[in-house]
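Chain letters run A, B, ... following the sequence lines, proteins first, then strands; residues in each count from 1. Quick caveat: nothing in here was measured; it's all calculated off a predicted structure.
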Amino acid sequence: MTLITVLITLLTLAAVTYLLSLVNSKLGAYFTIVTSLATIVMLFLIKDSIGQSYSLSFFTFKLTTVGWYFSMVMVTVYFTTAFLNPFWIKKMIYPAAYNLFFLVSLIGTIGMFFARDFITLFICWETVVWTSTFIIQMGKSRKSSYVYYVVSAIGSMVTLFAMMLVYQVSGTLEISTAFSALSGQPVLALIVFFTFILAGLSKIGIFPFHVWLPMAHGSAPHTFSPVLSGGLVKMGAFIAYLSVTAFAAYEVFANTFTIMGIPAPLYIIMVLGAISIVVGTVMAIRQDDAKKLLAYSSVANGGYILIGILLYDQIAFAGGMLHLISHALASATAFITIAIVAYRTGTTKMSELGGMIHRMPVTYTVYLIAIISMAGIPPMGGFVSKWLILQGLADRGLLFLAAAAFFGSIGSFMYVFRPLSAVFLGQLAPKYEKIKEANIMMQIPMYLLTIATLLVGVFPNVVLRVIADIQLEAGIQEIVLVGNTIVVSNGVLDALRVFIVFGYGFLIALVIFILRRKSRRVTLMDTYTSAEFIHTPELLHYSSNFYAPFERLTKKPYPVLNLYEKVSIKIKEIGHMAESLFSSSKPAITIFWIIIVFAIFFLGGVL
Amino acid sequence: MNNPVLLIVIPLLLAFLSVIIKKAGKWLLLVGLLFNTALAFFITTGETIIGGFAPPYGINLVVDQFTLVGVILINTLMLITIVVSFDLVGKYSIVLLTALAGINGMLLTGDLFNLFVFMEITVIAAYILSAQAKKYHHTITYLVIGSVGSVLYLLGIILLYNLTGSLNMADVAAKLPLLTTKELLVPVLLIFIGIGVEVKLMPVSGWVKGVYSNANRLIAPLFASVIAGTALFVFGKLFVSVLPVSDTLTLLMLIMSVMTFVFGEFAAFNQKRVKNILLYSSIGQAGLVTALFISGLVYAAVILLISNVISKLIMFTIAGAFTEKYETDDYESLNGVFVHNKFTGIAFTIAALSMAGIPLLIGFYAKLNILIGFFQAQNYVLPAIILLMAIVEGAYIIKLLLALWAPGKEGQVSEKSFAVEKKQLLSVKNTIICLIVALVIIAGGVLIDITEKVVTDGQPLLGDQSPSFTISQSKGGE
Amino acid sequence: MKKIFIGIFVIAFSVVFLLAISNSVDLFTYNDSLSSDSVSNGYINKNVTKNQSEVIFNETTDAETGSANIVTSIIVNYRSFDTLGEVTVLFLSAIGVSLLFGSTGKLAERKKSGFILRTAARIIFPMLLVTGTYLFTHGHLTPGGGFPGGAMIAASFLLLYLADEKFVTAIEKIKLVEGSAGTLYVLIGITGLVTGGYFLANFIPTGTVGQLISSGIIPLIYVLIGLKVGAEITSVVSRYLQEEVTS
Amino acid sequence: MIRVASLLLLMIGLYGLLSTRNVIKMIISINIMELGVNIFIVSIGFVTNGVAPILTSQVNSSLSNFVDPLPQALVLTSIVIGLGITALGLAFARKLYKKYGTYDLAKIGGMKDE
C-alpha cells in the first residue's frame, strides 16, 4: 500500500461519506469515525515504506518519520473527535458539508505532512485552511471564521512569497533541495526564514497571530474545537520543524549575530513563543468561557512546542515533539469534555455551570486527567514533555525563555483549575438537576484519550522512540532512552517511577478522603439570605467572577486585536478614498483625472 | 468556410435581418451566438485580408494564438451569458447581435482605425444596454467618459499615422523602432487612456460603479466578463505586440495599473453590496492584468484574465439574480440566501474561491504563473503587493461567502431559520449552466497541462518569454 | 469663480498639451508633398495589388478600384470594412433611439407651420430627394457619397415634418429599407468572399476611371449606404418628433 | 496654425466638460472635442498647394500633388460615429429630463434612486 493509494482511498471515502450524509446525515457522521479509523490503520500499514517518494500529477510526497508522527497525532485527534459527530450533526446547518470538510481537512493535513514540494505543501495547507474556515462558520460566529481566515491568509500568502523566492533562487520546488541553495546568501536567507515561518506562527497561534484561536476555538462547532486545538494548530509546528530541518536555520545563520548561542532570527521567534506562553496563560486565566480558556491555553502550549522544536537539540526538541502529542491529547480531551457538558447543558460559560461532578463523574475524571497533563503535573504526558523542554532551556542557559516557561507552568495551574472547579465542582445549579452523564458513544473517545494520555505520561519512551527516529532523520543527536528511562545531562527521568510515587500519594489521599468524609452537600439555593428572595442565584455562584483579584491586576487587555481592526479600518478608509476620488458619477471628475494623468505622464516622460 | 471575418459579418447580417423580420429577433440572436461560438473553435491562426488589399493598405484580421484564445473565450462567454438570461433579452436582441459583431471585430482586427470603429460599435451597444437599468444619468456619465476616451484614442492613432504613415498594427509596430520615445509619448499615452476607459483603469473608471451596480442579470455579466474581457485582450494586443514602449512610460503605466489594482481591491473591501464588491474587484483585477501585460507576462495575464472573466460571469449572474429576487444585493440583508439555493451557492463559491486564488482552481494557477514570472524577472515588489492584495481579496470574499452561506447573528449557532425568505434564485437550467462553468474553473486549475496546451497550443503568446508553471516543475529533483 | 479656476487649469493644461504634442507632430508647418512611405500613395495610384504607376482620368481601365474620387475608393473599397462598421454605428444608434423612445406612433404637439414653409416644402422636398440621390449615385466620381446623400434625404423628410404638423413617416417601411440595405451590403461582401476569396472584394469589373458605370461594387454600396443612412437618420428624427411629450 | 486651433477646440471641449453639469452642454462639449479632433485629422493630411484627391478632367493624373486622402476618409467615419453618439446622447438626455425634470447631473446625482 502506497501513500498515494492511501490518499486516494481516503478521498473516495470522504466522497462516500458525503453522499451518505446527503441521504442520512447521522449515517454519514458515523462514517467519519470509520474513515478516520481506516486512516489510522492505513498509516500503520505504510509505516514500513518510510523514505519512499511518490508523485501524482503535480503533487509529490515523501514518506518521512516526522510526517508519519504528525499524521498519527492528527488522525488520533480526528478519530476520537469523530465520535461526537453523530450527536451534533443534526444541529449543523450543512451536515453533509460538515462531514465532507471534516474528512477533507484530515486528508489535507496528512498530505501536507508528507509533502515533498512547496506546491503540494501549499495546496494541502490551503485546503485545510478553507475547509476549516467553512466548518467554523457553522458554529456560533461568522466573525471568528473571518478572523481565522484572515490570519491564516496572512501566514499562507507570506509563506507563498517565501516559497516562490526560494524557487527562483534554487530552481526547484522540492523542499529539502530548494532550501540548500540559500546557503551563502544571508540576507535572502533571513527574508526567507521570517516569511516562511510566518505560516507556522499564524497557525500555531504565536503572538501576535494568536487572536484567531480564542475566537475560532470558542465559537467553532463543539465537535470541531477539539480538532482545531488538538490537531490543526500542530500544522504550525510542522512548519517550524521544516524551518530548522529543511531550511537548516542553525547552519544558515551560523555565522550571524547570536544571542545566548542561538542565531538571532531563531531567538526572536523563540521570544515570540515565550511571549505567547505568557500572553496565553494570562489571558486564559481571565476567561469565563471554558472553550476560550482552553483556546488561550493552546496559545501558551503552542509556545512550548515552538520553543522546543526550534531549540533543535537532543532534549528540548524531543520535549517539543512529545509536548505536541501530549498537548494534542490533553487539549482534545478537555475540549471534548466541555463539548459534552455543553451538549447536556447548552452552555460553555463557566459562571452558568457548576457541580457537574454530581451528574457527570466520568466526564469529570477525564477532564481532571486532561488538565493534569495540560498543566504539566506528573504523572501525565504533559509533565514529561514540559520537563524535557525546561531541561533543554536550562542546559542552554536561556534564562528569559525558561522564566517564561516556568511562568506558564505555574499559570496553567490557575487556569486549568478554574473550569475544574467552576464547571465540575461546587454547587449544582437547579436547572441542571436532571441532566445525565454522557452516553457510552461519547464516552469512548474520552476513555481512549485518557488511556493515551496516561500511556504517554507513564511510558513516554514509546513515543520518544519515534521521536528519536525523527531526530535521526533530522540529523541531530538522538535522545538517549534506556529501558523506561530518559537519560539527560543531569540524571535520568523514569516516568513509571514517578507514576508509582504519585499513585501511592493519590491512594493515600483517597483513603483519607473516604474515611474522613464529613461534608454535606450544599445546593445553590441553600443560602442564608436574611429573608431576601434571591432572584439570580447564578450571581451567588462562587465561580462567577472567579479570579476577580487577579483580573484586576491584568485589567487592560493587550491591543493586538485592535491592531488588526485598525489595519482593516485603514484599508477601508483608503478604499473609500479611492472610491470617492475615482468613482464619481460626475464625468467632470473623470475628465479632471484624465488631464492630471496626462500632465503627470508628460512631465514624467520628459524628465 | 472557417474565415474569421464571418465571426463579425454573420452577427451583423443577422442584426440587419432582424430589423426586417422583427419577431425572429431573439432566435436570430441565438443563431448568431451559436454560429459564432461554433465557428470560433474552427478558426485557425493566420491572416485574413478583407477586400483583397494586402495589409498596410487594406484591413486585415489577424488571428494568432492570443486572439484565438480571446475569440473562443469571449464568444463562449457571451453565449453562456445570453442563454442564462435569455428571458431578459427582450427587444435588445439587435443590440446584442451588433455588440457580438463589435466584440469580435475588436478582438480580430489588425488595423488601428478599424479597432476604433469596432470599439465604438461595442461601446455604443454598451451605452444602450446600460440604459436598460433606467438609470439614465449613469449611462450619460458612461457615454461622456467613453466618448472622451474614444476621442483621445482617435487622436492617438492619427498621431501615430502621422509618424508612421500607416494604420496597420503590424506595420506600425515595425516602424516604431525608428521613432524616439519623445515622439511616441503623446500618441501612446492617448491610446493608453482611450483604451483605459474601457479597461477600467482607476482614475478613468468613474463610470463603472454606476453602470455595473445597477445592471441586471443579463447586463452585469455581459459588461463585467464579456466586454471587459474583450477590452483587456485588446489592451494586451496593443501594448504587448504593437506599442511595446519602454523606459519611463512603461514605468508610469505600470504604476497606474498597480494603483488601480491596489485601490480597486481596497475599495472592494469597503463595500457592502455584492455587485459593488464584484465591480471593484474586477477593476482591481483589470489593473493586475494590465500590469502583467505591461510587464510582459502575457501567459500569466491571459490565464488570470480567463479565470477572472469566468468567475465574474458566474458571480455577476447570481448577483443579478439577487437584485431580481430580493430587490437588494446588500450581503447583510441576504444573510443565508444560499441555504435555499445550494447549487447556485456552490457555483458562486467556486467562482469566488477561484478569484481568491485557492489551490486547485484556475485562479491559483494564474497566481502561481504570475509569481513565477515576476520572480524570474527579478521583480520582488510586485509579487509582494500581489500577495498582500490576495489577503485583502480573500478577506472580502470570505466575508461575502460567510454572509451568504451562514445565516445567524453573532453568538448564535447558524440555523436555517435565520435565513432570508426562500426564493429560487436561478432556474434549474441556469443553475446547471453555472455549475458547468464552475466545473471549467476546477478543471482549468487541476489539469494545468491541458490548460496550458489549450491556451498556448505550444507557442508563446505574443512572443511571451516568461516561464509558466508546469507539472514537471513541482517534481523538482526528479 | 469656480469656472475661472477651471479656465486657468485648462489653459495651463493646453500649454502642456501643445508642448507635448509638438514632439509628435509639427504644429505649424505642413508637408509640401505626401511622404513617400505613407500608405496613401498606394491609394492614389491604385497600385496596391496591381503594378501600376499612374492613373489617368477617363483612360485607365480595369484599375483595382475604378473610383475617380480617391477618398471614396478608400471608404468603399480599400477600407470598406470600416464603412460597414460605420454604418453599423449609425444603425445601432438609430436602434438605440427607437428602443429608448419606444414607438408610440403619436405625434408631439407642434405649432402649425406657416404657409410659406408649407408651400416651399412641397417644392424643395423633391429637389432635396433628387440631390441626395445624385450625391450617392455619383459618390465615386464627385465629392459626396452615401453619407451626405443619405443625410440630405433625411433632411428632406425633416423638412416635411417641419412643414406639416400631421406628417408621420411609416417607420415600419423605413425599417424595411434600413434592414434590407444593411443586409444587402453584407451580402455583397459575402458574395465577394465567395467569388473573389475576400470579404467585400470588388467582384464586378471596375470599368474606366471616371465613368458613371465604373468602379465595380462602389456605386452599388454607396447607393445602399445612401438609402440606409437616409432611412436611419429619418428614423432617428421621426423618433424624436413622434415621442410623446408628457407634461 | 490650424492644428493648434483644432487642438484648442479640443481644450474648449474639455473646459466645457469640466465646467458644466448640464447634460446637453456636455454633449455639445463632446461634439466640440470631436470637431477639434476631426479638423486635426484633416490637417494631418494637408499638403501645401495640394489639390483634392479626386480625379477629374482638370486634375486627370494620379501623379498630381494630392492631399492625403486617407485622413479624409477617416474623418468621414469619425463624423458619422460622432453623429451616432450625439443622437444617442440626446435621446438619453431627453429620457433623463422626462424622468427627473432637469438636465443637471449634479441635481440628479443627489436624488434618491427609486
Side-chain angles (χ1 to χ4, degrees), chain C residues 2-3 6-7 9-11 13-14 17-18 21 25 27-28 30-34 38-40 43-46 54-59 68-71 73-75 78-79 82-83 85-87 89-90 92-94 96-97 100-101 141-143 145 147 209-210 229 233 236 239-240 243 246, chain D residues 1-4 7-8 10-20 40 43-50 52-92 94-95 98:
Chain C
K2 196 179 146 203
K3 290 198 174 173
I6 296 174
F9 180 73
V10 171
I11 290 169
F13 176 65
S14 309
F17 188 78
L18 287 173
I21 209 167
V25 61
L27 286 177
F28 296 101
Y30 305 102
N31 295 340
D32 284 339
S33 62
L34 208 55
S38 170
V39 289
S40 296
Y43 301 142
I44 291 171
N45 294 321
K46 302 191 193 300
E54 192 185 1
V55 181
I56 313 274
F57 185 72
N58 252 337
E59 273 177 32
N69 185 339
I70 296 163
V71 179
S73 73
I74 295 173
I75 291 176
Y78 290 110
R79 301 183 64 91
D82 275 350
T83 310
E86 182 183 350
V87 171
V89 168
L90 209 54
L92 199 51
S93 47
V97 170
L100 276 175
F101 289 153
L141 302 175
T142 53
F147 292 96
V209 173
V229 170
I233 298 180
V236 168
R239 289 286 181 195
Y240 270 95
E243 200 230 353
T246 47
Chain D
M1 202 54 222
I2 192 81
R3 290 177 183 168
V4 176
L7 291 174
L8 286 179
L10 188 74
M11 292 301 144
I12 290 169
L14 278 182
Y15 170 80
L17 286 176
L18 277 174
S19 60
T20 183
F40 185 79
S43 82
I44 288 290
F46 182 74
V47 169
T48 318
N49 300 324
I54 299 172
L55 293 167
T56 57
S57 41
Q58 278 84 41
V59 188
N60 63 356
S61 162
S62 67
L63 296 182
S64 316
N65 191 17
F66 287 130
V67 299
D68 194 341
L70 183 58
Q72 301 196 0
L74 300 186
V75 109
L76 184 62
T77 308
S78 153
I79 289 171
V80 174
I81 289 172
L83 168 71
I85 290 180
T86 309
L88 205 59
L90 287 173
F92 287 135
R94 187 140 166 201
K95 291 299 268 192
K98 269 178 90 174

Participant: Less than 4.5 Å to any heavy atom of chain D: does that hold for the side chain of L27(C), its backbone, both, or neither?
Facilitator: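 For L27(C), the contact with chain D is made by backbone and side chain together.
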Participant: Name the option with the most non-hydrogen atom pairs under 4.5 Å to chain D; the candidates are T83(C), L141(C), V71(C), V89(C).
Facilitator: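 Ranked by heavy-atom pairs under 4.5 Å with chain D, first place is V71(C).
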Participant: Which bit of V209(C) comes within less than 4.5 Å of chain D, counting heavy atoms only: side chain, backbone, both or neither?
Facilitator: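 Looking at V209(C), just its side chain touches chain D.
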Participant: Supply the atom-to-atom distance F66(D) CZ to N45(C) CG, rounded to the nearest 0.5 angstrom.
Facilitator: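 It comes to 9.0 Å.
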Participant: If you measure from CZ on F28(C) to CZ on R3(D), what distance do you get to the nearest 0.5 Å?
Facilitator: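 Separation between the atoms: 10.5 Å.
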Participant: State, yes or no, whether a side-chain contact exists between Y15(D) and K3(C) at a heavy-atom distance under 4.5 Å.
Facilitator: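 They are in side-chain contact.
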Participant: Using non-hydrogen atoms only, which part of F92(D) is less than 4.5 Å away from chain C: side chain, backbone, both, or neither?
Facilitator: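 Contact with chain C involves both backbone and side-chain atoms of F92(D).
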Participant: Answer yes or no: is there a side-chain heavy-atom contact under 4.5 Å between R94(D) and L100(C)?
Facilitator: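 Heavy-atom side-chain distance check fails, nothing below 4.5 Å.
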Participant: When the side chains of residues 73-85 of chain D are checked against the rest of the protein, which donor-acceptor pairs come out under 3.5 Å, sequence neighbours left out?
Facilitator:
unit_1: T77(D); atom_1: OG1; unit_2: E86(C); atom_2: OE1; d: 3.1
unit_1: T77(D); atom_1: OG1; unit_2: A73(D); atom_2: O; d: 3.4
unit_1: S78(D); atom_1: OG; unit_2: N38(D); atom_2: OD1; d: 2.5

Participant: Measuring from I11(C):CD1 to M11(D):CE, what's the distance to the nearest 0.5 Å?
Facilitator: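 If we round to the nearest 0.5 Å, I11(C):CD1 and M11(D):CE are 11.5 Å apart.
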Participant: Which one, N65(D), L90(D), V67(D), T56(D), leads in non-hydrogen pairs under 4.5 Å with chain C?
Facilitator: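 So the answer, after comparing N65(D), L90(D), V67(D), T56(D), is T56(D).
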Participant: Check whether L18(C) gets within reach of chain D through its side chain, its backbone, both or neither, counting any heavy atom under 4.5 Å.
Facilitator: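 The side chain, not the backbone.
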Participant: Which heavy atom in I6(C) sits nearest to a heavy atom in S19(D), and how many Å separate them?
Facilitator: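 Nearest heavy atoms, I6(C) then S19(D): CD1-CA, 3.7 Å.
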Participant: Which bit of F9(C) comes within less than 4.5 Å of chain D, counting heavy atoms only: side chain, backbone, both or neither?
Facilitator: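 Only the side chain of F9(C) comes within 4.5 Å of chain D.
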Participant: Which atoms of V236(C) are under 4.5 Å from chain D, going by heavy atoms: the side chain, the backbone, both sets, or neither?
Facilitator: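 Side chain only.
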Participant: Please classify the contact of V39(C) with chain D as side chain, backbone, both or neither, using a heavy-atom distance under 4.5 Å.
Facilitator: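 For V39(C), the contact with chain D is made by the side chain alone.
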Participant: Within a strict 4.5 Å, meaning less than it, do heavy atoms of the I70(C) and I54(D) side chains meet?
Facilitator: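 Answer no - side chains too far apart.
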Participant: Counting heavy-atom pairs closer than 4.5 Å to chain C, which one of L7(D), L70(D), V4(D), I44(D) comes out on top?
Facilitator: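 Option with the top pair count is L70(D).
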Participant: Just how far is it from atom CG of L55(D) to atom CD1 of I44(C), taken to the nearest 0.5 Å?
Facilitator: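 Here the rounded value is 9.0 Å.
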Participant: L88(D) vs V97(C), test: side chain to side chain contact (heavy atoms under 4.5 Å, CB included). Steps then yes/no.
Facilitator: CA-CA 6 Å; L88(D) 205 59; V97(C) 170; 4.3 Å; yes
Participant: Could you look at Y43(C) and say if it's the side chain, the backbone, both or neither that has a heavy atom under 4.5 Å from chain D?
Facilitator: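 For Y43(C), side-chain heavy atoms alone lie under 4.5 Å from chain D.
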